[in-house]
Amino acid sequence: MKTLELNKFSKTITQDESQAGSQAMLYGIGLKESDMNKAQIGIVASGYEGNTCNMHLNDLAKEVKKGTKASDLVGLIYHTIGVSDGISNGTNGMKFSMISRDIIADSIETVTNAQWYDGIIAVMGCDKNMPGSLIAMGRLNRPSIMVYGGSIHSGNWQGENLNIVSAFEAYGKKITNKISPCDYKGIVKNSCPGAGACGGMYTANTMASAIEALGMSLPYSSSNPAISNEKINECKNAGKAIKILLKNDIKPSDIMTKNAFYNAMKIISVLGGSTNSIIHLIAMAHSVGIKLRLTDFQKISNETPMLANLKPSGKYLMEKIHQKGGLPSIMKYLLNNGILNGSCMTVTGKTIKENLKNVKAITPDSDLFFSKDTPLKKTGHLQILKGNLATRGSVAKITGKEGEYFKGKAIVFEDEKSAIEGIKSGIVKKGNVLVIRNCGPKGGPGMPEMLKPSSAIMGKGIGKDVALVTDGRFSGGTHGFVVGHVAPEAYEGGNIAFIKNNDLIEINAQENFINLLISKNELSQRRKEWKGPNETKLIGILRKYRKQVSCSSKGCITDL
C-alpha cells in the first residue's frame, strides 16, 4: 500500500531542485535540511492589539506552533486582519465589519496557495474572523482546524455581573436618567476585564459553538475560556490533530457536510444564538458546494427547542457553560435525545459520537439548561419571516420573552445615526415599529449591525413595546422584538424602501409573516414614484463590495 505523502503541497517548493530560490528562503528563516521533507502547516492568527477579542491570539498561535513542532511538522505563523464589532458599532466603521469576513477568507486562501501549505490551523477570535477562516478552508479543501480564541470573563460593577452589552445598554439608561453618571462610567470601565470574545451567546460564541458542532474545531474549543490552561492545551493539541488529518487525508469537504451543517443549526437553536449565524453558515456551506436556504433554517428551528438560558435574552454567559462541562456536555445530551447526528466526521479524525463517548451529559436544571420536555421555547428562536415587506425573506430573533406578534405604526429613518437621535429625543414611542433602512449589504454598504439602537431601546425600557425592522443586521448581543436581513433591501428597491411614517406594519412570528398594511395599488404607486437612494461616491473596498455582494438571503457572498 502506498504511503500517503503528508507534504503533497509543500513538496512543490521543498523537493524540486529547480526551486532553489524557494529553498534558500526557507533555509534563511531557520529551517534545517531535515525539515524540508516535513509537511508545512500555515498557522494563521487574526491577532491585533485593538480589541479584547483578538489581543491574545498571536500568543495562542505560538502555542499552536509548539504543538506542530511536537508532531514533527513545520508550523509557520502568518496573520490576517480583524475588525472589532464592539468598537465600530454605531459608527460608519461598522460598514467594514461584514466586508472583513471576505478579506479574511481571501487572504487565507491567497497565502495558503502561494506558500503551498499542506494544512491550516486558524486561531480566530471576533465575529467575522471565524466564518472568514472557514470559508477559506472550504475553498482550499486541505486538512484544516479552527482554534477559537475563547470567551472573556465577566466584568463587575457594584456587585452586578457585566459584559459588553451592559455597556451598550447603559447608554439608554443614562439618557433616561436611570443610572448616575458615576455608575455609567463604572459600567463602561468594567464591562470588559481582559482578553476574550464577548461573553454572552453573541455572534462570536454562537459561531464558535456552531463550528465545534460542525466538526471543524476540537471538542471544548467554543467553551474553553480565553485565559485558561484548557485553551493553552487545546492550542498544543491542534498540532497533534492536524497530523491525524494529514495522515488520513481528511479534508473540510469530508467534515462540512449537509448533516454537519444541520448539527450546527441545531446547536444555534438550542443555545439561542445570533441571527448573524444564518448569513455565515450559508456562506460557509457555499465554500464547499452546499446550498443552504432560509427554508433549511426554518425547518431546523421548527424541530429544535431552545434550551439554554444565555444572554442576551437569558441569564448566563459562556463561562457558565464551561463550568458545567463545556459544549460537549450539551452535545452529549442532544445526542442522547436524538437531536444531533452522531455519525458526522470531525477534525479529531473521529465522529461526533466517538468524540462524546466518555463525556457526561449535562443535567437539565431549569436554570442554565432546560430539559427538552420543558424547554425555554418549544421551537427555535430564529424565525424566517416572509410577506410583502420581505419577499425574499427576513430573520427574526424571537425568544418568546418579547412576544410573537406585533402591530404598530412605522416610524422611518434612513440610517442608523438618525434612528439613534430619534430614540434619544423621544420621537420613537411605545407602539412604534422602528424602521431603519439603506443598511443592507449594498445599501450600507456592508450591512452594518444595529446594536446601538436596539441597546438604546432596551436601556430606555421600551424594548417590549417597540419593534425594530431593518435591512441591516443585528449583533448577537441584540434582544427584543427585532427583524433584520429584510430582502430585497431598500437600495435594490425592496418594499422596505416604500414605507412611510404612520403606515401600519404587522409582524407575526407564529405564522411567519411580515407585512406592510397598505393596498397593492398604493404599493405599486409608491414604487413608481421611487427615485432610488442618493448615490454617494464610494471608493476602494466599499465600492468593490457593493458591486460584488449578494443579498443577505444568499449569505452576502462575493464570489457568485
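Numbering starts at 1 and runs along the sequence shown.
For Phe406, the ring pair (Phe, Tyr, Trp, His ring centres under 6.0 Å) partners two or more places apart in sequence, or in a different chain, are Phe481. Asn432 meets the side-chain hydrogen bond (donor to acceptor under 3.5 Å, both in side chains) test with no other residue; sequence neighbours excluded. For the side-chain hydrogen bond (donor to acceptor under 3.5 Å, both in side chains) test, residues two or more places apart in sequence or in another chain that qualify with Arg139 are Asp106, Glu109. Evaluation of the salt bridge (Lys or Arg N to Asp or Glu O under 4.0 Å) rule for Glu319 yields no partner, not counting sequence neighbours. Partners of His280 under the side-chain hydrogen bond (donor to acceptor under 3.5 Å, both in side chains) rule, at least two apart in sequence or in another chain, are Arg101.
The closest donor-acceptor contact from the side chain of Asp183 to the backbone of Ile179 lies at 3.5 Å or more, if one exists at all. Not one N or O on the side chain of Thr391 forms a donor-acceptor pair closer than 3.5 Å with the backbone of Asn388. Checked by atom type and distance alone, the side chain of Ser97 never pairs as donor or acceptor with a backbone atom of Met94 at under 3.5 Å. Judged purely by atom type and a 3.5 angstrom limit, Asn508 uses its side chain to pair as donor or acceptor with the backbone of Gln510. When atom types are taken as modelled, the side chain of Glu63 and the backbone of Ile232 share no donor-acceptor pair closer than 3.5 angstrom. Ser88 contributes a side-chain N or O that, together with a main-chain N or O of Ser84, makes up a donor-acceptor pair within less than 3.5 Å. Side chain of Thr206 to backbone of Ser274: a donor-acceptor contact under 3.5 angstrom is found. In this structure, the side chain of Thr304 engages the main chain of Ile300 through a donor-acceptor pair within 3.5 Å. Judged by distance alone, the side chain of His485 and the main-chain N or O of Gly393 form no donor-acceptor pair under 3.5 Å. At least one donor-acceptor pair under 3.5 Å links the side chain of Ser223 to the backbone N or O of Leu327.
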For residues 281-295, run the donor-acceptor check on the side chains, cut-off 3.5 Å, and write out each pair with its distance to 0.1 Å, sequence neighbours left out.
{"from": "His286", "atom 1": "NE2", "to": "Asp559", "atom 2": "OD1", "distance (Å)": "3.1"}
{"from": "Ser287", "atom 1": "OG", "to": "Met284", "atom 2": "O", "distance (Å)": "2.6"}

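When only modelled atom types and interatomic distance are considered, Glu212 and Tyr220 share no side-chain donor-acceptor pair under 3.5 Å. Side-chain N/O atoms of Thr203 and Asn276 include a donor and acceptor closer than 3.5 Å.
Here salt bridge (Lys or Arg N to Asp or Glu O under 4.0 Å) pairs that include residues 331-354, with residues two or more places apart or in two chains, number zero. For residues 462-482, the pairs satisfying salt bridge (Lys or Arg N to Asp or Glu O under 4.0 Å) are Glu449-Arg473, with sequence neighbours left out. Residues in residues 253-267 take part in these side-chain hydrogen bond (donor to acceptor under 3.5 Å, both in side chains) pairs, two or more places apart or across chains: Asn141-Ser253, Tyr262-Asp296. Listed by first and then second residue, the salt bridge (Lys or Arg N to Asp or Glu O under 4.0 Å) pairs involving residues 144-166 amount to none (not counting sequence neighbours). Among residues at least two apart or in separate chains, ring pair (Phe, Tyr, Trp, His ring centres under 6.0 Å) pairs with a member in residues 316-373 are Tyr333-Phe369. For residues 359-386, the salt bridge (Lys or Arg N to Asp or Glu O under 4.0 Å) pairs, not counting sequence neighbours, are Lys315-Asp367, Lys377-Glu404.
Ionic pairing of Lys299 and Glu303 is present here: one or more N-O contacts between side-chain nitrogen and carboxylate oxygen are shorter than 4.0 angstrom.
Atom NZ of Lys251 sits in a crowded spot, with more than 12 heavy atoms from other residues, nucleotides or ligands closer than 6.0 Å.
A heavy-atom distance below 4.5 Å is found between the side chains of Leu310 and Leu368.
Shown are Val44, Asp59, Leu60; of these, the side-chain contact (heavy atoms from CB on, under 4.5 Å) with Val123 is made only by Leu60. Each of Asp127, Asp85, Asn163 was compared with Tyr202 under the side-chain hydrogen bond (donor to acceptor under 3.5 Å, both in side chains) criterion, and only Asn163 meets it.
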